[in-house]
Student: 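For reference, the structure I am asking about is given below.
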Amino acid sequence: MKRLWIALRGIFSRSRVEADLEEEMQFHLDMETEANITKGMDPKEARRVAILKFGGAERMKEAYRDESGSRWFHDLTSDIRYGLRRMRNNPLFTAGLILIFALGLGATTTMFTFYYNLVVRAVPVESPQDLYVIRERNVELNYPDFSVSVPNFMDWRERTTSWEDMAALEIKNATAMPESPQGQSERFRAAYVSAGYFEMMGFQIKFGRTFTREEDIAEGPKVLLITESVWQSRFGGADTVLGETIRLENGVHSVIGVVPDSIRRIMEADIFIPLQKPYVDRGDHYLFVLGRLKQGVDPEFAESELRDLHQAIALEDPANEGWDVWIQDFGSYQYGDARQSSKILMGSVILLLLIVCLNVSILTLAQSLSRKQEFAVRKALGANRSRILQQLMVEGCLISLAGGIPGILICLQAVSFLKTLLPSTVVDYSDYAISAPIMLFFFVMIILSGVLSSLASFHFTSKMGAQGLVVSSNRSTDFQKSRVLRFLLIAEIAISLAVLVGAGLLIQSMVRLQNTPLYFDTEGITVASQRLPWSLYGTREARDQFYQEQTEAIRSWPGVEQAAWTNSLPFESIDTFNEVLSAPGSVVEQGEPVSARWRMVSQGYFDTMGIRFVSGRDFEAADGENLNQRVMIINRVLAERLWPGQDALGRTLSSHLGGSTYTIIGVVEPIRWRWDEGLEPAMFISLEQNPWWPTMRILIKGKDPELNFSRELMSLVKQTDNRLLYWYFRDVESIVEGSQRGYRLAMVVMVAFGGIALLLSLAGIFAIVSFSVRQRYREIGIRLSLGSSPEGITKLFLVDVLKWSGVGLAFGLLGAYAIGHWQASILYETQPFEWPLYFGVTLLLFLASSIAAGIPALKASQMDPSRVLRVD
Amino acid sequence: MAKRANDLLQGTLDLIVLRALQSETRHGWGIQQRINQIAEDALSVNQGSLYPALLRLEKRGYIKSSWGRTENGRRAKYYELTKKGSEQMETELALWRQFSGAINLILKEV
């Protein structure tokens with residue numbers, strides 16, 4: 001402890017310690033002088049002898065500092081002073097290095113901000129590592145990830161032992177009815193959650209209470225919890241909110257608690273209502289189930305326990321046949337794709353930082369070649385290896401620190417820009433602020449890159465003998481002879497090529513994505529949502545009439561070409577599937593399971609979306625009157641799948657959709673629903689006959705510059721029924737575009753990285769060649785005066801550098817192949833190895849390198865030999 | 001090897017300094033005078049090693065320092081042996097006696 005104290009005192013109050021030491025020395029000298037005087041010397045002589053005997057005061061102080069541990073600090077300050085002076089003396093060179101560091105550090109910190117928020121930072125729930133998403137799947141029907149039915153959830157909760165607790169939720173739209181006829185409706189995102197949800201997630205409620213297991217039963221009490229923002233906006237933040245009511249479609253609910261808004265960031269919901277489901281319909285899968293593992297239970301065991309139970313239930317209830325259970329930790333499930341991309345981009349940015357360090361190494365090494373004499377003198381004066389290393393590292397870190405300031409500005413800009421490209425599927429629970437761990441990472445990177453980029457210079461200087469250097473200081477030690485420089489060049493070119501190919505693969509993915517035919521029109525189709533509450537529109541007739549009247553009114557607007565309804569659009573997160581139970585004359589009867597995507601659409605849907613009919617007819621308003629014959633339109637893929645080579649028209653098919661048998665009245669061309677699948681089977685049922693889906697989307701095709709469709713829709717519905725409203729105003733184009741965001745984000749980032757990498761490696765090559773030209777001025781002069789041709793001189797410099805760049809490119813191709821494989825999961829219709837791309841990028845880098853090397857080489861050949869020889 | 005020799009030398013110097021402080025507290029110059037006086041100038045300790053040695057011993061807790069006044073009123077830094085220091089000195093002294101005795105024996109016999 002005392003030692004530490006002395007060392008600390010040595011650093012922080014160095015001046016005091018040194019003053020003490022000086023006083024002690026002074027005292028010693030005085031005593032010595034006095035003793036000499038006593039011996040009979042005259043005072044002047046006495047003093048002189050005393051000082052002589054004392055020896056070098058500075059040397060003694062150094063020894064004292066070594067002992068007190070403050071030596072390094074003393075050295076450090078002098079190194080910093082020296083480094084700053086050097087930076088001032090080479091302002092242009094320094095500015096270049098600072099810029100390079102700024103780009104590298106800015107890019108690295110930007111990617112880390114995303115990586116940290118999406119991967120490292122735990123999901124903001126209690127012990128997220130124990131929280132699992134429990135899903136069902138059906139391999140036969142090709143449903144790899146499916147929701148859970150109510151009875152299954154209840155059985156799992158009751159009949160397993162591995163789980164602390166389980167909770168189920170269903171997120172729906174809810175409309176709060178106006179209290180007076182003049183009032184406005186309000187739309188909420190409602191989370192219907194099972195009892196124990198808040199406790200299991202570890203959410204603290206702000207005040208009030210959560211609901212109990214006893215309340216969470218079918219026909220239970222109508223209560224709800226609201227988020228802080230609803231509390232503020234609807235109740236003005238009043239303390240008396242508990243017991244207040246909100247009139248929802250299915251009745252009046254009273255507020256029992258307020259939850260903080262932070263909960264919203266995880267489950268996008270404004271109000272929380274008890275699930276209150278009866279134990280029925282095992283085949284109806286719609287719940288999102290979460291479970292918390294008991295302490296120390298192996299997740300694999302928990303999963304197998306669930307599976308066994310599931311199989312056991314299947315024996316009792318055939319609805320579970322073919323179904324299976326699987327689990328995944330909550331964080332991975334929720335942010336899986338974004339995590340994958342951010343991991344890959346994080347890896348790439350580390351490569352970029354490596355390029356930056358290599359580049360700075362090359363530039364400073366080229367500089368240190370011209371500092372040979374300085375280091376030789378230092379060595380001759382007794383500086384040891386570690387002393388020189390320290391000095392070079394201090395110089396490196398000073399520049400990287402200086403680069404950090406513009407670097408963090410770049411980072412702030414880049415983060416706010418890239419945030420806008422984040423896919424909408426990533427629930428944004430973070431503001432991506434530059435928090436403390438990110439700052440820590442930033443500083444570690446500054447120091448690391450500063451140190452790393454000084455190592456090459458150290459390697460170079462440590463190899464020279466002091467004496468040899470002073471003597472041969474004017475001889476060239478250029479690229480030809482510097483193995484370090486050669487290594488740096490090869491590494492930089494190789495990594496740059498790999499990064500460029502990585503960027504190229506993502507560009508190719510994006511191009512393929514853009515060129516993938518959708519087989520439906522995206523342009524000029526406006527979308528809005530409408531939710532018809534059952535409590536207000538309880539009969540098929542009332543609902544059908546509402547939809548028909550709205551459609552007719554909209555179709556009469558100027559500029560509107562067509563309008564129709566659907567329950568979900570392609571590339572939206574709501575996706576609905578169903579199994580074909582029977583279809584006479586089809587492969588289903590031979591026991592082949594067939595499932596298909598289904599949609600509920602109104603007359604005019606196919607016309608609006610630009611989907612062509614292969615045969616048959618569209619739905620009609622009259623179909624609504626004729627419920628004895630349920631009609632269905634299927635796509636060509638399903639028709640060919642069920643009845644290969646035969647006409648599907650007039651055939652029948654039954655499924656869980658309302659449990660009816662449908663007659664096929666039309667066959668349409670298939671369209672693309674998702675990027676990661678081909679053209680899949682689909683079936684469409686008529687909204688006119690089955691208007692039971694709660695939230696429908698209206699599609700309006702056409703445009704009128706004078707007409708604001710969203711405003712018109714609002715006033716239209718207000719005239720019809722002021723308790724209803726339209727929301728979610730989009731257009732089909734932006735929905736499709738939104739689904740490409742993940743790819744686009746990765747592409748934008750990688751292209752930026754590739755650009756920086758290219759620029760840096762060209763700057764590196766340029767620097768190497770210009771430097772070796774400068775080093776060999778004398779040689780060039782002699783060669784030129786001895787009759788060497790200018791071409792010969794150019795070749796002299798070009799051949800060598802290009803030869804080693806070639807080696808770098810060869811290694812780079814291997815690296816590119818590795819990067820390609822690593823990126824495979826975020827590529828779209830693109831293989832890790834695409835030879836035209838590899839060839840093109842290699843050629844590009846080689847040509848660019850030739851130009852970067854050619855400019856200084858050409859300049860060298862045009863020199864005037866008499867002037868060149870006078871240099872030195 | 002060089003390092004070991006250095007250790008031995010330093011250790012010896014430390015022992016000498018501790019011994020010089022055994023009888024009374026002294027300032028740096030006083031310690032030097034005392035050593036020179038006992039050794040009858042056969043062994044001279046120079047300031048360049050004395051002051052670093054004093055700091056080293058202080059860091060190890062064998063001595064402690066404080067500013068005081070000399071007889072003629074000058075400010076000086078006095079060093080004093082601590083309890084830990086005098087124990088250390090006894091140990092090292094015993095070791096040294098054993099060691100030098102052994103060396104003497106060998107030198108006599110050979």
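Here is the naming used below: chain letters follow the sequence lines, and residue numbers restart at 1 for every chain.
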Student: Specify the closest pair of heavy atoms between B/R75 and A/F27, including all atoms of both residues, with the distance to one decimal.
Tutor: O-CD1, 3.7 Å
Student: Are B/Q32 and A/H28 side-chain neighbours, meaning at least one heavy-atom pair lies under 4.5 Å?
Tutor: yes
Student: Is any side-chain heavy atom of B/W29 closer than 4.5 Å to a side-chain heavy atom of A/D30?
Tutor: no
Student: Does A/F487 have more than 12 heavy atoms from other residues, nucleotides or ligands lying within 6.0 Å of its CZ?
Tutor: no
Student: Does some side-chain heavy atom of A/M31 sit less than 4.5 Å from a side-chain heavy atom of B/Q33?
Tutor: no
